[in-house]
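One structure below.
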There are 2 protein chains.
Amino acid sequence: MTCSINYAPRLRAQGLRVTPQRNAILHVLHHSGGHLSPTQVYERARQEFPSLTEPTVYRTLEDLAEKKLLLAAHVGNGKIVYELAETQHHHLICHKCGNTVEVDHAPLELLYHQFESSTGYKLDSSHVTFFGLCPDCQS
Amino acid sequence: MTCSINYAPRLRAQGLRVTPQRNAILHVLHHSGGHLSPTQVYERARQEFPSLTEPTVYRTLEDLAEKKLLLAAHVGNGKIVYELAETQHHHLICHKCGNTVEVDHAPLELLYHQFESSTGYKLDSSHVTFFGLCPDCQS
DNA sequence: TTCCTTATTGCAACTTCTTACAATAGTAGA
DNA sequence: TCTACTATTGTAAGAAGTTGCAATAAGGAA
């Protein structure tokens, strides 16, 4: 926790209290660069905040995702990973080598509107993951 | 298990052996009409085939989904539900009342092509779920 | 600063899901 | 029908994720 990023304003902006547990979790996600499973978050964040417990990690990840500070992404078979919500994007996953690429959310906006007008729902979020073969695994 | 639907041909077509466990699971999913969680499948299928075990249910659901006899859908927070793969579709879920509607897969084909040409991936499946407010919960 | 309210956390017990490996039972071929 | 092969299942143990409730501590008000 030697870095100077301050997550407090973002938490407060969502009406959430600022706690060392939440800071540790956000810090870990920030420095991981990518997607982490709840277990990975738990293990890493415990290095910085040893009294952290599993239920807290799961609840925090859910809460922060609900408040849009984090994005939750599904990566096959019900597994869920989290990352800081910088830009909204989705994932293509190669089910042979596991390689992942990110794709922009923008093309999905059209679908949103389409489904909104056909169903009357007002959509605000989505879990979208595509599976297939990456270029390297196609041969 | 008084119904006469025979799942054997579909299993054999996928190179899978026909076992009473698989029949019981398919039977349960057929008669449920909708989406069931692994636990629900386990509990109901056990009525018909009491020696059925949990690991078998989880493995069977995964296997059948991989062979496209079942569809796996995500319904919030990493929860996964299964249903018979009749028509390919996706779900809009109201996060207030939990109500669910199904939407056709066709509009997503365009996206498939778009992402395929921008990434070089060859896509074959997806997990897609949209969240929002249903018409009743918008007021 | 101190008090008060209540969001957040930890604890303990529990449920759900997974894994490795040995036992069982489909199914193709003789 | 019988045999052999091996996919599938059960067992047992463990890992991952959840829940209810009591204890704690963040943040607003005095």
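Residue numbers begin at 1 in each chain, while the letters A, B, ... track the order of the sequences.
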Is the distance from OP1 or OP2 of dT9(C) to the nearest side-chain N or O of T19(A) less than 4.0 Å?
-> yes

In whole angstrom, what separates R17(A)'s CZ from dA26(D)'s C1'?
-> 5 Å

Base, sugar-phosphate, or nothing: which does S37(A) touch, judged by heavy atoms less than 4.0 Å apart?
-> nothing

Residue-phosphate contact under 4.0 Å: K79(A) side-chain N/O, dC17(C) OP1/OP2 = no

State whether T53(B) places a side-chain N or O below 4.0 Å from either non-bridging phosphate oxygen (OP1 or OP2) of dT9(D).
-> no

OP1 or OP2 of dA15(D) sitting under 4.0 Å from any side-chain N/O of T39(A)?
-> no

In whole Å, what is the span from the OH atom of Y58(A) to the C1' atom of dA12(C)?
-> 17 Å

Angle separating the five-pair end axes of the helix from dT1(C)-dA30(D) to dA30(C)-dT1(D), nearest 10°, is 30°

Which whole-number value in Å describes the distance from K67(A) NZ to dT8(C) P?
-> 7 Å

Short side-chain N/O contact from Q21(A) to OP1 or OP2 of dG10(C), under 4.0 Å | yes

Provide, to the nearest angstrom, the distance between the CZ atom belonging to R22(A) and the P atom belonging to dA7(C).
-> 11 Å

Is the H74(B)-H91(B) ring centre distance short of 6.0 angstrom?
-> no

Tell me: CD of E62(A) to P of dT9(C), nearest whole Å?
-> 13 Å

For the pair made of CZ in R12(B) and P in dA7(D), what is the distance, rounded to whole Å?
-> 16 Å

Under 4.0 Å between a side-chain N/O of S51(B) and OP1 or OP2 of dT9(D), yes or no?
-> no

Give the rounded distance in Å between these two atoms: CG of L16(B) and P of dA28(C).
-> 13 Å

